[in-house]
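These figures come from a predicted structure and were not determined experimentally. Heavy atoms only: backbone and side chains are in, while hydrogens, waters and symmetry mates are out.
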Amino acid sequence: MNLETVLLLETVNFAAEKHKTQRRKDPEATPYINHPIGVARILSYEGGITDITVLQAALLHDTVEDTDTSLPELDAVFGATVARIVQEVTDDKALSKQERKQLQVEHAPHCSHQAKLVKLADKLYNLRDLNRCTPSGWTPQRVQEYFTWAVQVVKGLRGTNAALEEKLYQLFKERGIET
């Protein structure tokens with residue numbers, strides 16, 4: 001087995017352990033780990049990304065925000081580059097939801113290329129998920145507002161990965177949202 005395969009499997013295992021008790025907000029209460037695995041798959045399968053650090057960061061992108069994982073822990077286990085990418089895509093939960101959403105829009109153009117890739121794949125996964133089924137407690141208006149906000153984030157990521165961007169713009173077009 002090559003080193004990259006070992007690294008990816010270790011990363012999947014770490015993320016699975018960290019997210020083991022979490023569920024998505026869909027009616028089926030899907031295991032949360034499906035999300036970071038799906039984001040990494042979008043990057044590799046649809047975005048053509050083979051950079052192991054980007055794929056690791058995709059698998060770990062919600063660990064600091066949503067579990068007891070710390071950035072120093074990620075740095076110690078996976079290295080400074082993976083930790084930095086995760087830090088770039090992590091929201092500060094001490095802020096209000098509205099502030100976090102606004103900061104995502106403001107920070108998107110200034111992220112590293114690696115973080116932009118993770119953000120694109122994360123948005124693509126989440127928007128597809130919203131099209132597939134509405135999360136418990138969400139109204140159609142809230143779903144549409146999420147899509148409208150996501151357009152603003154994605155605008156700041158333009159020029160990162162044509163294949164992923166095209167898929168996102170197609171979703172926005174289907175929703176009747178101007179880009």
Side-chain angles (χ1 to χ4, degrees), residues 4 7-8 11-12 14-15 18-19 24 32-67 69-75 77-93 95 97-131 145-175 177-179:
E4 288 187 344
L7 284 172
L8 270 183
T11 308
V12 169
F14 182 95
K18 292 294 187 170
H19 291 296
R24 295 283 282 178
Y32 193 87
I33 191 61
N34 292 8
H35 171 66
I37 291 171
V39 170
R41 183 184 181 278
I42 286 170
L43 282 168
S44 65
Y45 185 73
E46 298 180 63
I49 303 305
T50 58
D51 181 340
I52 197 74
T53 57
V54 172
L55 298 175
Q56 286 180 286
L59 290 163
L60 300 167
H61 79 274
D62 280 335
T63 56
V64 173
E65 191 173 318
D66 295 337
T67 75
T69 308
S70 69
L71 286 168
E73 180 181 9
L74 288 183
D75 189 346
V77 177
F78 300 105
T81 303
V82 170
R84 176 191 47 79
I85 299 166
V86 172
Q87 181 177 21
E88 286 186 81
V89 300
T90 297
D91 287 346
D92 180 352
K93 287 284 189 116
L95 302 174
K97 180 179 268 191
Q98 198 55 46
E99 288 174 300
R100 292 192 311 260
K101 290 176 87 167
Q102 183 58 38
L103 285 174
Q104 279 199 43
V105 172
E106 291 172 14
H107 290 160
H110 310 291
C111 289
S112 69
H113 183 75
Q114 295 160 313
K116 286 179 178 183
L117 287 167
V118 174
K119 280 186 165 293
L120 281 172
D122 184 41
K123 291 291 175 270
L124 186 54
Y125 184 99
N126 285 334
L127 294 171
R128 285 175 172 167
D129 221 27
L130 284 173
N131 270 344
E145 287 169 358
Y146 185 94
F147 270 83
T148 303
W149 163 74
V151 167
Q152 299 308 310
V153 177
V154 171
K155 280 181 181 177
L157 305 172
R158 279 195 177 132
T160 302
N161 183 290
L164 298 181
E165 291 170 53
E166 178 55 37
K167 290 171 190 294
L168 282 158
Y169 288 122
Q170 186 58 42
L171 286 176
F172 297 141
K173 184 179 176 184
E174 290 168 9
R175 283 267 170 180
I177 300 172
E178 290 293 320
T179 57

Test log, rule salt bridge (Lys or Arg N to Asp or Glu O under 4.0 Å), inputs D66 and K93: CA-CA 9 Å; D66 295 337; K93 287 284 189 116; 3.3 Å; yes
Partner of L117 under side chain to side chain contact (heavy atoms under 4.5 Å, CB included), chosen from I85, N161, I42: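 Of I85, N161, I42, side chain to side chain contact (heavy atoms under 4.5 Å, CB included) with L117 is met by N161 alone.
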With S44, the side chain to side chain contact (heavy atoms under 4.5 Å, CB included) member among I49, L55, L8, D51: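 The side chain to side chain contact (heavy atoms under 4.5 Å, CB included) with S44 is passed solely by L55 among I49, L55, L8, D51.
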With a 3.5 Å cut-off and no angle check, do the side chains of [X] and [Y] form a donor-acceptor pair?
X	Y	answer
T90	E65	no
K123	Q104	yes
Q102	E106	yes
D122	H61	yes
R41	N34	no

Side chain proximity check, Q114 to T81, heavy atoms < 4.5 angstrom: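 They are in side-chain contact.
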Ionic contact status for R158 with E165, cut-off 4.0 Å: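 Looking at R158 together with E165, the answer is no, because their closest N to O distance does not fall below 4.0 Å.
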Working for side chain to side chain contact (heavy atoms under 4.5 Å, CB included), residues E73 and F14: CA-CA 11 Å; E73 180 181 9; F14 182 95; 3.7 Å; yes
Any donor-acceptor N/O pair, T67 side chain to V64 backbone, under 3.5 Å: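 Not at all, since once roles are kept as given, no pair shorter than 3.5 Å links the two residues.
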Exceeds 12 heavy-atom contacts within 6.0 angstrom, atom CD of Q170: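 Atom CD in Q170 is crowded, with more than 12 foreign heavy atoms closer than 6.0 Å.
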Chi angles and distances behind the salt bridge (Lys or Arg N to Asp or Glu O under 4.0 Å) call for D92, R100: CA-CA 7 Å; D92 180 352; R100 292 192 311 260; over 6 Å; no
Verdict with supporting geometry, L171 and L124, side chain to side chain contact (heavy atoms under 4.5 Å, CB included): CA-CA 9 Å; L171 286 176; L124 186 54; 3.6 Å; yes
Test log, rule salt bridge (Lys or Arg N to Asp or Glu O under 4.0 Å), inputs E174 and R128: CA-CA 12 Å; E174 290 168 9; R128 285 175 172 167; over 6 Å; no
For K155 against Y169, the heavy-atom pair lying closest together: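 In terms of heavy atoms, the two residues are closest at CA-OH, 4.3 Å.
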